[in-house]
Amino acid sequence: MSQNMLFMLGGSGFIGRRVIQEAVRSGWRVKALARSEQSAAIIAAAGASVSEGEAADPDRWINEAAGASAIVDLIQPPRPKRLSRSRMRAIARQRQSFTRALTNAMLTLGADRRPRLISVSGIDDLAPDRNGFLSPDSKMRTTESGFNTVGIPVRDIIERSGVAASFVYLATVYGPGGPFGEAIFPAIAAGKWRNFGDRSDRMILVHVDDAVRGLVRIAALDRTQASGKSFVLTDIEPVAMTSFTGLAATSMGVSAPGRAPTWMAALFAGKPIVETTLHKEKIRSSFGELPDCGLIYPSYREGLPSTLRMLGKTVR
Ligand SMILES: NC(=O)c1ccc[n+]([C@@H]2O[C@H](COP(=O)([O-])OP(=O)(O)OC[C@H]3O[C@@H](n4cnc5c(N)ncnc54)[C@H](OP(=O)(O)O)[C@@H]3O)[C@@H](O)[C@H]2O)c1
């Protein structure tokens, strides 16, 4: 088995293209699935070789992943601007069907050529312990919240399949690009953003550069030690939305955003988006346990100014 090959699903996405760059920098050979010429160009520019195919048809491309140390699954079906609960359930059904097909296809590979699956989800899947912490030891939540309609059944399918797998739970990922770079910071700059949630609600965040370093370190862990384990990738400081957007506004030289009732935010963006954005839990992340993986951006205080500078939005 080639210990230094990674196979990426979702390599053209916000997080995936940076995982490719980080993995290549760390000495991995990376192959990534692309379902269009546009995705193939993004993947090639990030430094991976392209395997053409669709997530729904893994039998057609699984041999390309044979011999890799890990398959990193960052697939996310396109989602509408307003994400209703019913649309979320449709996305969840699609992800379950991709996962079932993927694990079945992986089982057709000989055990000595079968990669470990690194399944990536969000912290909505995790239940707080009796002290209110989300952590790598968390059990799965039993109530529907945020994006967990997707992640919980996906994990169940993987565990039942018997393929070796690690489960990564990301906080909300921010950075230049993605929903923050493309929509949230421009809305704050234009005076159109409204904060929501109550005083005790916090955003639990991780900067994309830290998230991808964590993912690449997890891919490098010893297979027998890392299989069946959960990893939580978050920064150290849950933050009130008013603090986060207030610092963003100050840095961009605009007024701090006003407020909207949470029910109105749910009407506008969809209930799962509000739920995945606001948390009351505390957090214990896996960064401390990963080799050579101190956080570059321990909190939004470091990550936000750097992000806005990269986007060319900082005035002070
Ligand atoms: N972003 C966050 O804050 C966050 C937080 C927690 C967990 N996560 C998880 O992290 C993962 C990646 O998130 P992201 O923000 O990077 O998502 P993203 O930017 O939307 O990227 C999604 C990726 O999935 C690919 N894809 C979608 N449907 C496909 C299909 N049928 N066949 C092949 N490829 C397909 C897309 O390819 P195309 O380029 O061809 O469309 C793209 O590369 C997701 O599973 C998400 O749930 C993200």
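Just so you know, ligand 1 is whichever comes first in the structure, and atom 1 is the first atom listed for that ligand.
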Visitor: Tell me, please, which residues at least two apart from D209 pass salt bridge (charged side-chain N to carboxylate O under 4.0 Å, His left out).
Guide: none

Visitor: Tell me the ring pair (Phe, Tyr, Trp, His ring centres under 6.0 Å) pairs involving residues 47-74, sequence neighbours left out?
Guide: F7-W61

Visitor: Could you list each N/O atom of ligand 1 together with any protein N/O atom closer than 3.5 Å, one pair per line with the distance?
Guide:
unit_1	atom_1	unit_2	atom_2	d
ligand 1	3 (O)	V173	N	2.9
ligand 1	16 (O)	F14	N	3.4
ligand 1	16 (O)	I15	N	2.9
ligand 1	19 (O)	F14	N	2.9
ligand 1	24 (O)	Q76	N	3.2
ligand 1	28 (N)	R35	NH2	3.4
ligand 1	31 (N)	E54	OE1	3.2
ligand 1	31 (N)	E54	OE2	3.1
ligand 1	32 (N)	A55	N	3.0
ligand 1	37 (O)	S12	OG	3.3
ligand 1	39 (O)	S12	OG	2.6
ligand 1	39 (O)	S39	OG	3.1
ligand 1	40 (O)	R35	NE	2.8
ligand 1	40 (O)	S39	OG	2.7
ligand 1	41 (O)	R35	NH2	2.8
ligand 1	43 (O)	G10	O	3.4
ligand 1	43 (O)	S12	N	3.4
ligand 1	43 (O)	S12	OG	2.7
ligand 1	43 (O)	G13	N	3.0
ligand 1	45 (O)	I75	O	3.0
ligand 1	47 (O)	Q76	OE1	3.0

Visitor: Verify the neighbour count for atom NZ of K31: are there more than 12 heavy atoms of other residues, nucleotides or ligands below 6.0 Å?
Guide: yes

Visitor: Restricting to pairs with a member in residues 91-103, which pass side chain to side chain donor-acceptor pair (under 3.5 Å), not counting sequence neighbours?
Guide: none

Visitor: Mind checking whether F196 and F268 have ring centres under 6.0 Å apart?
Guide: no

Visitor: Give the minimum heavy-atom separation between T234 and A171, together with the two atoms involved.
Guide: CG2-CB, 3.7 Å

